Protein chains: 2
Amino acid sequence: MLDVTELTAVLEDLTRMHIRLPVRQRLSFTTLSVLHTLEGRGPMRLTGLTAAEQVTQSAITQLVAKLERDGLVERRPDPSDGRAVLVHVTDAGAAVVRSRRAERVAGLERLAAALTPAERDAIAAALPALARIARAGDEPGGHP
Amino acid sequence: MLDVTELTAVLEDLTRMHIRLPVRQRLSFTTLSVLHTLEGRGPMRLTGLTAAEQVTQSAITQLVAKLERDGLVERRPDPSDGRAVLVHVTDAGAAVVRSRRAERVAGLERLAAALTPAERDAIAAALPALARIARAGDEPGGHP
DNA sequence: GGAATTTATATAAACTACTGATATAAATTT
DNA sequence: AAATTTATATCAGTAGTTTATATAAATTCC
């Protein structure tokens, strides 16, 4: 039987570990999360990003402006709505996400190497279910 | 076989989900992490917290000062070293950690309820291994 | 055993990432 | 077409950082 309290505790620890994994380029959590969201879902409006990231629309406008200055995203007009903006990741932006992931993979390789084969198998078997949880929590209306 | 790249991707998603889980009382990530660390490891010096949280010593000094003003920690002299300070969590501080965890448990209950029994079993079976990874990554020298 | 160095914390100034309130312009409703 | 709603922008203020520097206790080195 799955003990959700225990799952929560483990997720807390994993989250802290994951965030503290040292990386070369320092980027704010929301910055990285926006790039990640755009890569996963394709071009989005500021409104969509605001909902996905759970910060204010003001914060997203300012963050996207900075990301555009840095060349990591592009803002294009939305042909279907003259008020709206569609934010696209650039190749440079995608590269940032990829390189950050590569650093984290390297860190986790080290930690996973210390596990027994049985432990690694157990994690492998749980990944699809964990991915489902993450996806559900990430969905629009996932945690209303 | 465990695919660490996939594990990394899942952890990224879980981390984002976990951080975005809505909660009543808004506390910064580092604030909560410090309380969590103190609860898990017992009283610590500022130096120890600095290493654990991977922010500057200055940030920890200021954060602990604020936490003390808010009654969530106490600073006591270290009998073995006149320069040092031992930071203790108060009952109020521990309560903050507990109530935050309770909110997260509630959020995860909802998400876990959508899984199949087999998926829940798979996660339950992987928890010890995931906890080991988290602990290793959290340890002093865990990711040098 | 005292001078030099290192270690533990504190403080000041500047900077970044946000929030909240408000403005503007395009779309939608009436 | 006037009124309302929606999508984004701007502005001012705040919280949480960093960098650089200061101070005092502990340790090291003759």
Side-chain angles (χ1 to χ4, degrees), chain A residues 16 19-20 22-38 41 43-70 72-88 93 96 100 140, chain B residues 16 19-20 22-38 41 43-88 93 96 140:
Chain A
R16 286 163 18 100
I19 288 212
R20 300 302 193 207
V23 286
R24 255 197 338 259
Q25 188 186 11
R26 158 116 186 94
L27 293 170
S28 86
F29 180 80
T30 307
T31 299
L32 211 58
S33 186
V34 162
L35 292 175
H36 182 122
T37 299
L38 288 172
R41 300 203 204 162
M44 289 176 73
R45 296 187 177 180
L46 296 184
T47 307
L49 285 174
T50 298
E53 304 301 336
Q54 296 194 185
V55 292
T56 60
Q57 172 260 313
S58 174
I60 292 291
T61 297
Q62 296 172 65
L63 174 55
V64 166
K66 179 180 187 331
L67 287 175
E68 189 174 38
R69 281 198 298 280
D70 294 348
L72 303 183
V73 304
E74 269 180 29
R75 296 158 37 105
R76 304 202 199 137
D78 182 338
S80 77
D81 188 331
R83 302 162 298 178
V85 164
L86 281 177
V87 187
H88 297 245
V96 165
R100 171 65 58 113
Chain B
R16 286 163 18 102
I19 288 215
R20 299 303 192 207
V23 286
R24 253 195 342 255
Q25 188 185 11
R26 157 110 187 101
L27 292 171
S28 85
F29 179 81
T30 307
T31 299
L32 210 58
S33 186
V34 161
L35 292 175
H36 183 122
T37 300
L38 288 172
R41 299 203 206 161
M44 290 176 73
R45 297 186 177 180
L46 297 182
T47 309
L49 285 173
T50 299
E53 304 300 336
Q54 296 195 183
V55 293
T56 60
Q57 172 259 313
S58 174
I60 292 292
T61 297
Q62 296 173 66
L63 174 54
V64 166
K66 180 181 186 332
L67 288 175
E68 190 175 38
R69 281 198 299 281
D70 294 349
L72 303 182
V73 304
E74 268 179 29
R75 296 157 37 105
R76 304 202 198 137
D78 182 338
S80 77
D81 188 331
R83 302 162 297 177
V85 164
L86 281 177
V87 187
H88 297 245
V96 165

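These figures come from a predicted structure and were not determined experimentally. Here is how names work: the chains are called A, B, and so on, in the same order as the sequence lines, proteins then strands, and each is numbered from 1.
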- [ ] Applying side chain to side chain donor-acceptor pair (under 3.5 Å), name anything that partners B:Ser58, two or more places apart in sequence or on another chain.
- [x] B:Gln62
Open item on the list: Applying salt bridge (Lys or Arg N to Asp or Glu O under 4.0 Å), can you list everything that pairs with A:Asp70, at least two apart in sequence or on another chain?
Closed with: A:Lys66
- [ ] Return no unless some side-chain N or O of B:Thr30 is found under 4.0 Å from OP1 or OP2 of D:dT17.
- [x] yes
Open item on the list: Using the side-chain heavy atoms of B:Ser28, tell me which of these nucleotides is nearest: D:dA7, C:dT9, D:dG16.
Closed with: D:dG16
TODO: Classify the nucleic acid contact of A:Ala59 as base, sugar-phosphate or nothing, counting any heavy atom under 4.0 Å across all strands shown.
DONE: base
Open item on the list: If I take atom CG in residue A:Leu27 and atom C1' in nucleotide C:dT16, what distance separates them, rounded to the nearest angstrom?
Closed with: 13 Å
TODO: Could you tell me the separation between the CG atom of A:Leu86 and the C1' atom of D:dT8, rounded to a whole number of Å?
DONE: 13 Å
Open item on the list: Using side-chain heavy atoms (C-beta onward) and a distance below 4.5 Å, is A:Asp78 in contact with A:Val85?
Closed with: no
Task: Length of the CG-P vector between B:Leu49 and C:dT9, whole Å - done: 9 Å
TODO: Answer with yes or no whether B:Ser58 presents, from its side chain, a donor or acceptor under 3.5 Å of a partner atom in the base of D:dT19.
DONE: yes
What nitrogen or oxygen pairs link the protein and nucleotides 27-30 of chain C at under 3.5 Å?
unit_1 : atom_1 : unit_2  : atom_2 : d
C:dA27 : OP1    : A:Gly82 : N      : 2.8

- [ ] Grab the CG-C1' distance between B:Leu46 and D:dA25 for me, whole Å please.
- [x] 15 Å
- [ ] Not counting sequence neighbours, which residues clear side chain to side chain donor-acceptor pair (under 3.5 Å) with A:Asp81? List them please.
- [x] A:Arg83
Open item on the list: For a quick test of reading the model: is some side-chain N or O of A:Thr56 closer than 4.0 Å to OP1 or OP2 of C:dT19?
Closed with: yes
TODO: Name all residues meeting the side chain to side chain donor-acceptor pair (under 3.5 Å) criterion together with A:Arg16; count only those two or more places apart in sequence or in a different chain, and write none if there are none.
DONE: B:Ser33, B:Thr37, B:Asp138
Open item on the list: In the structure I gave you, are the side-chain heavy atoms of A:Gln57 and A:Thr47 within less than 4.5 Å of one another anywhere?
Closed with: no
Open item on the list: Among D:dT17, D:dT19, D:dT8, which nucleotide has an atom closest to any side-chain atom of A:Thr47?
Closed with: D:dT8
TODO: Could you grab the distance from atom CG of A:Leu49 to atom CG of A:Leu63, nearest 0.5 Å is fine?
DONE: 8.5 Å
- [ ] Take atom CG of B:Asp78 and atom C1' of D:dA24, then tell me their distance rounded to the nearest Å.
- [x] 15 Å
Task: Length of the line joining B:Gln54:CD and D:dT18:P, which is rounded to integer Å - done: 11 Å
Task: B:Gln57 (side chain) and C:dA10 (base): donor-acceptor pair under 3.5 Å - done: yes
TODO: Can you sort out which residues in residues 61-77 of chain B have a heavy atom within less than 4.0 Å of DNA chain C? Ascending by number, please.
DONE: B:Thr61, B:Gln62, B:Arg75
Open item on the list: Rounded to whole Å, how long is the line connecting atom CZ of A:Arg26 with atom C1' of C:dC15?
Closed with: 13 Å
Open item on the list: Checking the side chain of A:Thr31 only, and the main-chain atoms of A:Leu27 only, is there a donor and an acceptor separated by less than 3.5 Å?
Closed with: no
- [ ] For the pair A:Gln54 (side chain) and B:Arg20 (backbone), establish whether a donor and an acceptor sit closer than 3.5 Å, ignoring hydrogens and angles.
- [x] yes
